[in-house]
Asks: 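Once you've had a glance at the structure underneath, I'll fire off some questions.
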Amino acid sequence: MSEAVPAKEAAALDAADGLAAKRAGFDLDDGVVYLDGNSLGALPRGVAGRLSDVVGREWGRLRIRSWEESGWWTAPERVGDRIGGLIGAAPGQVVAGDSTSVNVFKAVVAAIRLTDTGVRDEVLVDAATFPTDGYIARSAARMTGCRIRAVDAADMAREAGPRTAVALVNHVDYRTGRLHDLPAVTAAVRAAGARTVWDLCHSAGALPVHLDAAGADFAVGCTYKYLNGGPGAPAFLYVRRALQDRFDSPLPGWNSHADPFAMDPAYAPADGAARGRVGTPEILSLLALDAALDVWDGVDLAAVRAKSLALTDFFLRCVEAYVPRGRVESVTPEAHGERGSQVSLRCAAGPAGGAGDVMAELIRRGVVGDFRRPDVLRFGFTPLYTRFADAERAARVLGEVLEGMQGR
Ligand SMILES: Cc1ncc(COP(=O)(O)O)c(C=O)c1O
Ligand SMILES: Nc1c(O)cccc1C(=O)C[C@H](N)C(=O)O
C-alpha cells in the first residue's frame, strides 16, 4: 500500500459505512482521534439533558417521590434488561449496579456455593486476567476453602475437571485484545460439571455476545467502555434464569430482599435478577447509563462486529504501510474469530524512549490510545463512532512519531 492509498481507501470505507451516522450521537471533537473507548467510552449527546432533568426535576422537585414516580427503585432491573439485549440475555436475568469487581465477587462465591466444595475445591482463573478478577477470586477462594489455579484462557476448556467448581474467564483479554470462545469454553466447563463466570468488560457493546444461547452461568461487565455509560458507571451481573432460585448472594443487602420495606430482620431473597442487588442504587450514574444506552436503539450488533473487524484490519494494514519495519509487532490475533475490538502493538524501547513515551507523544499529537506496561500500545475501536479516517490518521501519526524518535 503506497502512502496516498490508505487515506483514499479510508474515505471510501467511511462513505460506505452503514453506521457512520451514529457518530453524530456522540460529543466528539474532530481534531482528536479517540481510540480509548475500551477504557472510557465517549459521551453520548443525550446524557447531559437527561441528567439535567433527573437532577433538576426528579431529585430537585419530586425528591423522595421519585423512587416510585420516576421509576428509580426498579432502574437496576430496567437498565439491566437493556444491557441484556446487547449481550444475548432474555429479560429478567441482568441487574445493573455496583462495580465489576463487586459483581465478580458475587458471581464467583455464588458459583462455589452451587457446588459441593467437599469435592470441587478449585477456582480456575484466566492466567492473563485483568488483575481485579484475580484478586477477588483469590479472596473468594480463601473464604470458601477453595484454591485458585491460573490457566491460560485458551486452555480453560481442557483444564476444567472433576475438582473444578468454577472457571472465571475474560471474554476479551484487556491487554492483547484476544477473544476467547465463549460457547465452546462454556460447554466444556459445563461438561466437567463446573460453572462459568464470564467477564464481558471488553466485549459488551463491542461484539455480539450470546449468553443465553451458550448456556453461560454467570457474567459480569462494566458499562463505561463500549457501552459509554460514563466514568464509574454501574456494572452488571447476569445470572442464568435456571440458576436464579439457587443463587445465594454473598452480599445479601436489603435491596435484594423479597420485601425490602418490611425491614424484616430475617433475610428472604427476592426472585429473579433483583437478587443480585445489594444496597441503594447509584441513581445518577445509573440514569446516565440509561440515557447512554439510547444510542443502541436500532443498532444491529452484527453490523457493529463487521465494522469493528474492518476497522482493525484496516488499521493493521495502515500500520504496515506507515510504520518503519520492525518497530512494532501486533499482539492481537489476526484471526477474526480470536479478535476483540482493539489492536495492541508491542513496541520495544528505541533510542528515544519506550512505548510509554510513544503513547505520550501520540496523545500530544491528537491520537489518544493507551499504554499498558511494559511495552503495549493499545488502540480501541468503537464502531459507533470511530471512522476509517481515524484509523488511517492514527497509524500515520504513529509512523511519524516512531520515525522521529528513531532519528533522535
Ligand atoms: C476485564 C476487566 N475486568 C474488570 C475491570 C475493572 O472493573 P471495575 O473497576 O468496574 O471493578 C476492568 C477495567 O477496569 C476490566 O478491563
Ligand atoms: N476503570 C478504569 C479507571 O477507573 C481508570 C482508568 C482506566 C480504567 C480502565 O477501565 C482500565 C481498563 N479496564 C483496561 O482495560 O485497561
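Counting begins at 1 with the first residue of the sequence. Each ligand, and each atom within it, is numbered from 1 in the order the structure gives.
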Asks: Hey, is atom 1 (N) of ligand 2 touched by any protein heavy atom at less than 4.0 Å?
Replies: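 So atom 1 (N) of ligand 2 has protein heavy-atom neighbours under 4.0 Å.
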
Asks: Around atom 16 (O) of ligand 1, find the nearest protein heavy atom and jot down its residue, atom name and distance.
Replies: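 The closest one turns out to be H202 NE2, 2.8 Å.
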
Asks: Is a side-chain donor-acceptor pair under 3.5 Å present for W198 with S203?
Replies: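 Absent: no donor and acceptor within the cut-off.
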
Asks: So, the side chain of R346 versus the backbone of V376: is there a donor-acceptor pair under 3.5 Å, distance only?
Replies: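 No, the answer is negative, given that no donor and acceptor are paired below the 3.5 Å cut-off.
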
Asks: Just checking, is any N or O donor in the side chain of E400 or Y322 under 3.5 Å from an acceptor N or O on the other one?
Replies: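 E400 vs Y322: no donor-acceptor pair found between side chains.
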
Asks: List the closest protein heavy-atom neighbour of atom 8 (P) of ligand 1: residue, atom name, distance to the nearest 0.1 Å.
Replies: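 Result: Y224 OH, 3.6 Å.
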
Asks: Which atoms of ligand 2 have any heavy atom of K225 under 4.0 Å away?
Replies: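 Taking each heavy atom of K225 in turn, ligand 2 has 9 (C), 10 (O), 11 (C), 12 (C), 13 (N), 14 (C), 15 (O) under 4.0 Å.
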
Asks: For N170, counting its heavy atoms only, list the atoms of ligand 1 lying under 4.0 Å from any of them.
Replies: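 Once the distances to N170 are compared, the set is 1 (C).
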
Asks: Can you report which non-hydrogen protein atom sits closest to atom 6 (C) of ligand 1, along with the distance?
Replies: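 Among all protein heavy atoms, the one nearest atom 6 (C) of ligand 1 is F130 CE2, 3.6 Å.
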
Asks: Looking at atom 7 (C) of ligand 2, is any protein heavy atom nearer than 4.0 Å to it?
Replies: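 Yes; the ligand atom in question has protein heavy-atom contact below 4.0 Å.
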
Asks: Can you list the atoms of ligand 2 that are under 4.0 Å from a heavy atom of R372?
Replies: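 Reading through ligand 2 atom by atom, the close ones are 11 (C), 14 (C), 16 (O).
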
Asks: Considering the heavy atoms of S99, write down every atom of ligand 1 situated less than 4.0 Å from one of them.
Replies: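 Taking each heavy atom of S99 in turn, ligand 1 has 10 (O), 11 (O) under 4.0 Å.
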
Asks: Return the closest protein heavy atom for atom 13 (C) of ligand 1 as residue, atom name and distance.
Replies: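 Sorting protein heavy atoms by distance from atom 13 (C) of ligand 1 puts K225 NZ, 3.4 Å first.
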
Asks: Does ligand 1 come near enough to D199 that some N or O of the ligand is less than 3.5 Å from an N or O of the residue?
Replies: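 By distance alone, the answer is yes.
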
Asks: Do D313 and H336 have a side chain donor and acceptor closer than 3.5 Å?
Replies: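 There is such a pair between these side chains.
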
Asks: With distance as the sole criterion, is a donor-acceptor pair present between the side chains of D27 and Y385 under 3.5 Å?
Replies: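 Per modelled atom types, D27 and Y385 side chains form no pair under 3.5 Å.
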
Asks: Distance-only, no hydrogens or angles: does the Q93 side chain make a donor-acceptor pair with backbone N or O of R241 under 3.5 Å?
Replies: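 Checked: pair present.
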
Asks: At under 4.0 Å between heavy atoms, which part of V104 makes contact with ligand 1: side chain, backbone, both or neither?
Replies: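 Neither part.
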
Asks: Taking 4.0 angstrom as the limit and counting only heavy atoms of T132, give me the atoms of ligand 1 inside it, by number and element.
Replies: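 Numbered from 1, ligand 1 contributes 4 (C), 6 (C).
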
Asks: So is C201 close enough to ligand 2, meaning a heavy atom under 4.0 angstrom away?
Replies: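 The answer is no, since C201 has no heavy atom less than 4.0 Å from ligand 2.
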
Asks: Could you tell me whether the side chain of D14 and the main chain of A11 form a donor-acceptor pair under 3.5 Å?
Replies: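 Between the backbone of A11 and the side chain of D14 there is no qualifying donor-acceptor contact (under 3.5 Å).
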
Asks: Is any side-chain heavy atom of L124 closer than 4.5 Å to a side-chain heavy atom of I148?
Replies: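 No, side chains not in contact.
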
Asks: Under a 4.0 Å heavy-atom limit, does T100 contact ligand 1 with its side chain, its backbone, both, or neither?
Replies: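 For T100, backbone and side-chain atoms both sit under 4.0 Å from ligand 1.
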
Asks: Need the ligand 2 atom indices (1-based, order shown) with element for anything under 4.0 Å from a heavy-atom of S39.
Replies: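 Once the distances to S39 are compared, the set is 7 (C), 8 (C), 9 (C), 10 (O), 11 (C).
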
Asks: If you count the atoms of ligand 1 from 1 in the order shown, which ones are under 4.0 Å from a heavy atom of D133?
Replies: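 Matching atoms, with element in brackets: 3 (N), 4 (C).
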
Asks: For the side chain of T332 and the backbone of T176, is there at least one donor-acceptor N/O pair under 3.5 Å apart?
Replies: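 Checked: pair present.
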
Asks: Give yes or no for whether the N/O distance cutoff of 3.5 Å, strictly under, is met between H202 and ligand 2.
Replies: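 Yes - when backbone and side-chain N and O of H202 are compared with those of ligand 2, one distance drops under 3.5 Å.
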
Asks: As an exercise, identify every atom of ligand 2 less than 4.0 angstrom from a heavy atom of Y174.
Replies: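 Here the atoms of ligand 2 in question are 15 (O), 16 (O).
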
Asks: Side-chain contact, heavy-atom cut-off 4.5 Å: L284 with W59?
Replies: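 Of all side-chain heavy-atom pairs linking W59 with L284, at least one is under 4.5 Å.
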
Asks: Would you check if R378 and V343 make a side-chain contact, meaning some heavy-atom pair closer than 4.5 Å?
Replies: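 SC-SC contact between R378 and V343 ruled out.
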
Asks: Distance under 6.0 Å and angle within 45° of the ring axis: does R277 meet both against W73?
Replies: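 Geometry flag: set, cation within 6.0 Å and 45°.
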
Asks: Considering only protein heavy atoms, which is closest to atom 11 (O) of ligand 1, and at what distance to one decimal place?
Replies: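 Here the nearest protein heavy atom works out to S101 OG, 2.5 Å.
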
Asks: Please work out whether the ring planes of F314 and F388 are parallel, tilted or perpendicular, with thresholds of 30° and 60°.
Replies: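 Rings of F314 and F388: perpendicular, as their planes differ by over 60°.
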
Asks: Considering the heavy atoms of R378, write down every atom of ligand 2 situated less than 4.0 Å from one of them.
Replies: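 What qualifies from ligand 2 is 14 (C), 15 (O), 16 (O).
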
